[in-house]
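What follows is a short report on a single structure.
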Amino acid sequence: QVQLVESGGGLVQAGNSLRLSCAASGRAFSSYNMGWFRQAPGKEREFVAGINWSGGSTFYVDSVKGRFTISRDNAKNTVYLQMNSLKPEDTAVYYCAAGGRWNEGREYRYWGQGTQVTVSS
């Protein structure tokens with residue numbers, strides 16, 4: 001069992017940066033693949049980025065490649081999403097999740113409560 005708590009969301013102007021954090025409790029964090037998802041109003045949830053258990057492999061959806069970076073610190077039980085060059089279309093509630101496929105966004109078992117990211121133009 002893993003509990004996940006996201007933080008770091010907020011309101012920023014387009015072109016600026018935010019770093020989201022997801023703190024996990026539970027002993028097995030370092031064995032889980034982790035992912036970041038987002039859901040904008042009226043849209044389906046979208047898989048944004050994934051990282052495997054060791055941090056050696058990452059995946060990004062095309063719309064964020066070159067702008068977002070996912071990373072993890074297994075000693076701190078935390079996964080991060082560094083978001084640069086933010087655009088208004090990045091506005092969404094961002095969720096971290098654990099236990100799924102790092103490169104497909106499927107089969108994630110544990111979810112955080114989400115953090116709102118709003119990008120103004």
Side-chain angles (χ1 to χ4, degrees):
Q1 186 81 12
V2 177
Q3 289 81 43
L4 304 171
V5 179
E6 301 96 335
S7 61
L11 171 63
V12 295
Q13 288 190 328
N16 285 352
S17 300
L18 278 177
R19 188 176 81 155
L20 305 183
S21 299
C22 174
S25 61
R27 282 191 240 174
F29 173 78
S30 60
S31 67
Y32 286 112
N33 298 329
M34 299 294 295
W36 284 97
F37 294 76
R38 66 186 179 186
Q39 188 166 21
K43 295 189 176 181
E44 292 187 355
R45 186 173 60 198
E46 175 187 32
F47 180 53
V48 174
I51 189 166
N52 77 330
W53 63 273
S54 70
S57 297
T58 57
F59 170 87
Y60 301 94
V61 69
D62 285 347
S63 60
V64 307
K65 279 182 182 176
R67 300 189 297 122
F68 290 12
T69 303
I70 188 171
S71 62
R72 67 190 297 162
D73 185 337
N74 285 344
K76 295 183 178 180
N77 279 15
T78 302
V79 63
Y80 304 97
L81 187 67
Q82 178 67 43
M83 306 186 294
N84 298 330
S85 302
L86 282 161
K87 304 176 181 180
E89 51 263 44
D90 294 318
T91 295
V93 178
Y94 283 71
Y95 300 90
C96 75
R101 295 177 183 251
W102 63 270
N103 59 342
E104 294 184 8
R106 297 193 293 135
E107 303 175 9
Y108 278 84
R109 288 173 281 168
Y110 307 108
W111 293 84
Q113 83 289 351
T115 186
Q116 176 71 46
V117 172
T118 303
V119 184
S120 63
S121 57

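If you read the sequence from its start, that first residue is 1, and numbering goes on from there.
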Side-chain donor or acceptor of Asn74 paired with backbone N/O of Trp53 under 3.5 Å: yes
For the student: nearest non-hydrogen atoms of Glu6 and Cys96, plus distance: OE2-N, 2.8 Å
Separation of Ser25 OG from Leu4 CG (nearest 0.5 Å): 7.5 Å
Joint hydrophobic cluster, Phe37 plus Phe59, side-chain heavy atoms closer than 4.5 Å: yes
Nearest-0.5 Å distance, CD of residue Gln82 to CZ of residue Arg19: 7.0 Å
Reported CD-to-CD distance for the pair Glu46 and Gln39, which is rounded to 0.5 angstrom: 10.5 Å
Polar side-chain atom of Thr91 near backbone of Val119 as donor-acceptor pair, under 3.5 Å: yes
Spatial distance of atom CD1 (Ile70) from atom CE (Met34) [nearest 0.5 Å]: 7.5 Å
Closest approach of Phe29 to Asp73 (non-hydrogen atoms, all atoms of both residues): CE2-O, 4.1 Å
Heavy-atom donor-acceptor pair, Asn52 side chain to Ser57 backbone, under 3.5 Å: yes
Between OG1 on residue Thr115 and CG on residue Leu18, distance to nearest 0.5 Å: 8.5 Å
same_hphob_cluster(Tyr110, Trp36) at 4.5 Å side-chain heavy-atom cutoff: yes
Full working for side chain to side chain contact (heavy atoms under 4.5 Å, CB included) between Val64 and Arg38: CA-CA 12 Å; Val64 307; Arg38 66 186 179 186; 4.0 Å; yes
In one Ile/Leu/Val/Met/Phe/Trp/Tyr side-chain cluster, 4.5 Å: Val61, Leu20: yes
Expected output: side-chain Gln113 to main-chain Val5 donor-acceptor under 3.5 Å: no
Heavy-atom pair of closest approach, residues Ser85 and Ser17: N-OG, 4.3 Å
Glu107 CD: over 12 foreign heavy atoms closer than 6.0 Å: yes
Straight-line distance of Ser71 OG to Leu81 CG, nearest 0.5 Å: 8.5 Å
Minimum-distance pair of heavy atoms, taken over all atoms of Gln116 and Ala92: NE2-O, 3.4 Å
Minimum heavy-atom distance Thr78-Ala23, with the two atoms named: OG1-CA, 4.2 Å
Aromatic plane relationship, Phe68 with Tyr94 - under 30° parallel, 30 to 60° tilted, over 60° perpendicular: tilted
Beyond-backbone contact of Met83 with Asp90, side-chain heavy atoms, under 4.5 angstrom: no
Closest non-hydrogen atom pair, Tyr32 against Gln1: OH-N, 4.3 Å
Aromatic ring pairing Tyr108/Phe47, orientation class (parallel under 30°, perpendicular over 60°, tilted between): tilted
Hphob cluster co-occupancy, Ile51 + Tyr80, side-chain heavy atoms under 4.5 angstrom: no
Main-chain N/O of Asn33 paired with Arg72 side-chain donor or acceptor, under 3.5 Å: no
hydrophobic_cluster_shared for Trp102 and Val79, side chain cutoff 4.5 Å: no
